[in-house]
Amino acid sequence: MTILRTRGRSVLGSLMVSAVLAACGTKEQAAPPVSTLETPSSAAPTTTTTTTTVPSPPPVWRSARWGMTKDEVLAAFPGEAQRLATPADFGPPSGGSTDVAIPAYEIDGMKFRVLFGFESDALNRVHLSAVKAGVTTCSDVEKLLTEKHSAPSDRSTSQTTVRGEQIVWKRPEQTITLACTEAPSLGYRTVTLDYTAASNI
């Protein structure tokens with residue numbers, strides 16, 4: 001009898017453990033998998049908006065861009081560009097004057113004064129004039145421009161008491177004009193470089 005009771009208890013215990021395990025197993029299976037808890041496919045699709053910003057026009061000389069105001073030019077060249085107490089003349093052939101300049105700027109050992117020209121407070125001209133043009137200043141500047149912009153599109157010379165040469169690079173957004181004059185017997189030389197906006201051409 002004792003043996004039967006012990007066997008009965010162990011059989012009964014085994015059955016209970018099996019029943020509990022089976023019940024747990026069905027509960028675990030009843031829980032939905034994590035992936036089915038995601039948003040149903042009937043939810044509204046999300047839309048993405050792409051914002052297009054208009055890129056800034058390319059710089060025409062260092063950080064200068066056509067159309068900049070005087071204040072923008074001053075901000076683009078901190079510690080260099082300044083307002084002049086008295087407007088400075090551009091000189092011949094185009095004339096005009098401005099009160100925004102870089103009094104001293106150096107390009108490969110050559111010193112220039114830079115004047116910024118405006119029409120209706122929009123930058124449309126950058127004028128560089130050599131402070132003291134040397135014998136090779138004109139050819140040195142021409143070489144630098146040719147390396148950057150390829151061969152010039154036009155060249156003309158004139159000869160009176162002074163020899164003059166004008167070299168032009170036409171770009172889609174601007175015209176660059178290098179003007180050199182000299183009278184070697186008098187020790188007179190000038191070199192100017194003019195960047196003008198395409199609308200001024």
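Count residues from 1 along the sequence.
Judged by distance alone, the side chains of Thr196 and Thr175 never bring a donor and an acceptor atom under 3.5 Å apart.
The minimum heavy-atom distance linking Ala75 with Pro78 is given by the pair O-CD, 3.3 Å. Among all heavy-atom pairs drawn from Ser97 and Pro87, the shortest one is OG-CB, 4.0 Å. The two atoms that bring Trp66 and Glu173 nearest to each other are NE1-O, 3.1 Å, heavy atoms only.
Residues satisfying the salt bridge (charged side-chain N to carboxylate O under 4.0 Å, His left out) criterion with Glu165, sequence neighbours excluded, are Arg155, Arg163. Residues meeting the side-chain contact (heavy atoms from CB on, under 4.5 Å) test with Ala183, sequence neighbours left out: Val162, Leu186, Tyr188.
For the atom pair Lys170 NZ and Ile176 CD1, the distance stands at 11.5 Å (nearest 0.5 Å). Distance check, rounded to the nearest 0.5 Å: CZ of Arg171 to NZ of Lys148 gives 9.5 Å. Taking OG1 of Thr181 as the reference point, atom CD of Gln166 lies at 11.0 Å (rounded to 0.5 Å). Here Thr86 contributes atom OG1 and Asp99 contributes atom CG; the two are 10.0 Å apart, rounded to the nearest 0.5 Å. For the atom pair NE2 (His149) and CD (Gln174), the distance works out to 6.0 Å, reported to the nearest 0.5 Å. Residue Ile167 holds its CD1 atom at 8.5 Å from CG of Leu145, rounded to the nearest 0.5 Å.
By the rule that hydrophobic residues join a cluster once side-chain heavy atoms approach within less than 4.5 Å of another member, Ile107 and Phe77 end up as members of one cluster.
The side chain to side chain contact (heavy atoms under 4.5 Å, CB included) test with Met68 singles out one residue from Val60, Val100, Asn124, Leu123, and that residue is Leu123. Applying side chain to side chain contact (heavy atoms under 4.5 Å, CB included) to Leu178 and the options Leu128, Thr192, Leu193 leaves one that passes, Leu193.
Between the Ser153 side chain and the Val168 main chain, a donor and an acceptor come within less than 3.5 Å of each other. Panel note: side chain Ser120, backbone Ala122; no donor-acceptor pair is recorded below 3.5 Å. A donor-acceptor pair under 3.5 Å is formed between the side chain of Thr137 and the backbone N or O of Gly134. Between the side chain of Thr69 and the backbone N or O of Glu72, at least one donor-acceptor pair lies under 3.5 Å.
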Got a list of side-chain donor-acceptor pairs under 3.5 Å for residues 108-118, not counting sequence neighbours?
| from | atom 1 | to | atom 2 | distance (Å) |
| --- | --- | --- | --- | --- |
| Lys111 | NZ | Glu106 | OE1 | 3.2 |

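The aromatic rings of Trp61 and Tyr195 sit tilted relative to each other, their planes meeting at an angle between 30° and 60°.
Relative to the six-membered ring of Phe90, Arg125 meets both conditions, a distance below 6.0 Å and an angle of at most 45° to the axis.
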